[in-house]
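Order of the sequence lines fixes the chain letters, A, B, ..., with proteins taken first and strands second; residue numbering starts at 1 for each chain.
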Protein chains: 2
Amino acid sequence: MARIARYDRQSALDKAVVLFWQKGYHNSSIKQIEHALDMRPGSIYAAFGSKDGLFLEALACYVKESGDHLSSHLAKYTSIIEGFQDYLRDIALACTPGGPMPSRACMMVKTLLETSNTHLPINQEVNRVLDAIEHRLGEVLEQAKSNRELKPDVDCKRLARLLQAQIIGLRSFAQRDTCAPKVVELGEDMAGILDYYRL
Amino acid sequence: MARIARYDRQSALDKAVVLFWQKGYHNSSIKQIEHALDMRPGSIYAAFGSKDGLFLEALACYVKESGDHLSSHLAKYTSIIEGFQDYLRDIALACTPGGPMPSRACMMVKTLLETSNTHLPINQEVNRVLDAIEHRLGEVLEQAKSNRELKPDVDCKRLARLLQAQIIGLRSFAQRDTCAPKVVELGEDMAGILDYYRL
DNA sequence: CAGATTAATGAGCGATTGTTCAATTACTTG
DNA sequence: CAAGTAATTGAACAATCGCTCATTAATCTG
């Protein structure tokens with residue numbers, strides 16, 4: 001054993017998430033990363049290998065937090081569909097302009113749009129992740145269907161895509177310089193869409 | 001009078017739209033712009049002032065084309081709502097992976113997400129533009145309502161935001177590495193949402 | 001053709017990009 | 001305390017960034 005690391009890996013990653021989520025991949029320079037993580041380039045590269053490596057690890061943190069957030073949210077509801085509906089309403093509330101979020105738009109979507117046609121390795125990873133989420137939404141909806149919450153003829157995989165597109169649309173819309181009530185109403189309208197699929 | 005300009009301004013802008021739409025603002029370097037427009041830096045700066053200037057003008061072209069496209073589309077339908085529904089279906093078809101588009105996601109949304117928290121002047125412009133589109137959608141929906149296509153209690157401004165969010169969600173979803181039928185189904189489902197607002 | 005005017009060129013500016021590595025510092029073990 | 005080990009540092013690298021400008025080339029009018 002020797003000198004102990006001064007930084008905490010997880011808290012460094014959390015700070016990286018904030019920066020990357022806010023500014024995106026290319027607009028976060030190593031200089032800004034140094035400042036945000038309070039680490040010098042040598043340490044950053046020793047710990048994470050490259051800017052790509054750091055970004056991918058930060059993205060994984062973001063994805064995990066997102067997944068945990070959805071899980072803990074759904075756990076509060078006996079009805080899965082009502083859980084999703086309030087999930088949309090909660091996103092709208094959280095994505096209010098002036099809120100505490102680093103960015104209102106989803107980091108995965110920002111990354112998807114930023115890296116397509118420019119940065120293949122990161123684009124592939126974010127594609128993988130979004131596919132996994134779509135898949136998971138489909139499974140939860142499938143469970144809702146077997147709970148008799150959904151009409152028996154509902155195509156859950158298809159509804160999962162519609163739901164994911166709603167979340168993407170809501171959060172991207174919220175990135176605009178708009179006002180809170182408009183975003184809240186949008187979230188409410190999107191929650192209402194799910195009613196048409198209920199039994 | 002003196003030497004005549006070798007380049008055609010509009011065709012240069014069209015090429016700039018393709019590049020910026022594809023790669024975004026920061027990932028389109030001057031070197032790439034030189035190559036895409038077949039112009040040397042001196043000419044580019046003489047013609048457009050700066051990278052920002054070129055981008056803003058290219059964005060304006062994109063916005064105009066988008067607006068014209070919607071106009072000519074709606075003109076083909078007696079029912080405004082059916083026009084919007086097929087508009088969504090057409091977007092889904094056009095945003096099929098492997099299609100001819102520079103990017104499936106909307107250039108305005110890509111710019112919105114890329115420039116928030118990083119590049120204020122362009123972000124302000126794209127905000128203005130998206131607001132104008134939302135406003136226009138609202139007006140057209142208002143007309144649909146007075147044509148008795150919509151339920152009398154429909155809030156058209158609110159529905160305009162839902163519609164815009166659908167377009168954003170559809171095209172951003174389509175940016176993923178997914179397959180055509182899934183995008184087409186998504187477009188169909190989004191078109192179906194409008195049915196619930198019809199009279 | 002001569003003179004005037006304007007577009008096109010491209011080498012090169014200073015700043016910044018992501019990254020490396022030899023030197024230094026701090027901690028553990030014997 | 002001395003030796004060994006690992007983390008930290010920051011100057012410096014080559015490459016690229018957006019951009020400038022003195023020079024050259026092309027077209028007009030007289």
Practice problem: Grab the CD1-C1' distance between Ile33(A) and dG10(D) for me, whole Å please. | Solution: 17 Å
Quiz item: Quick one: ring pair (Phe, Tyr, Trp, His ring centres under 6.0 Å) pairs with a partner in residues 174-199 of chain B, sequence neighbours left out?
Solution: Tyr196(A)-Tyr196(B)
Quiz item: Roughly, in whole Å, what's the span from CZ in Phe48(A) to C1' in dT8(D)?
Solution: 14 Å
Practice problem: Calculate the interatomic distance between Asp8(A) atom CG and dA7(D) atom P; express it in whole Å. | Solution: 14 Å
Quiz item: Taking ILVMFWY side chains as joined if any heavy atoms are under 4.5 angstrom apart, and letting links pass through other members, which residues group with Val184(A)?
Solution: Leu93(A)
Quiz item: Partners of Asp195(A) by salt bridge (charged side-chain N to carboxylate O under 4.0 Å, His left out), sequence neighbours excluded?
Solution: Arg198(A)
Quiz item: Tell me the side chain to side chain donor-acceptor pair (under 3.5 Å) pairs involving residues 176-185 of chain A, sequence neighbours left out?
Solution: Arg176(A)-Asp131(B), Arg176(A)-Glu134(B), Arg176(A)-Gln164(B), Glu185(A)-Arg161(B)
Self-check item: d(CZ, Arg40(A); C1', dT19(C)) in whole Å
Solution: 16 Å
Quiz item: Side-chain donor-acceptor pair under 3.5 Å between His119(B) and Asp52(B), yes or no?
Solution: yes
Exercise. Report, as a single string ordered 5' to 3', how protein heavy atoms within less than 4.0 Å touch nucleotides 12-24 of chain D: B base, S sugar-phosphate only, - not at all.
Key: -----SBBBB---
Practice problem: For residues 69-113 of chain B, pull every pair meeting ring pair (Phe, Tyr, Trp, His ring centres under 6.0 Å), keeping only residues two or more places apart or in separate chains. | Solution: His69(B)-Tyr87(B), His73(B)-Tyr77(B), His73(B)-Tyr87(B)
Quiz item: To the nearest angstrom, how far is Ile44(A) atom CD1 from dT9(D) atom P?
Solution: 10 Å
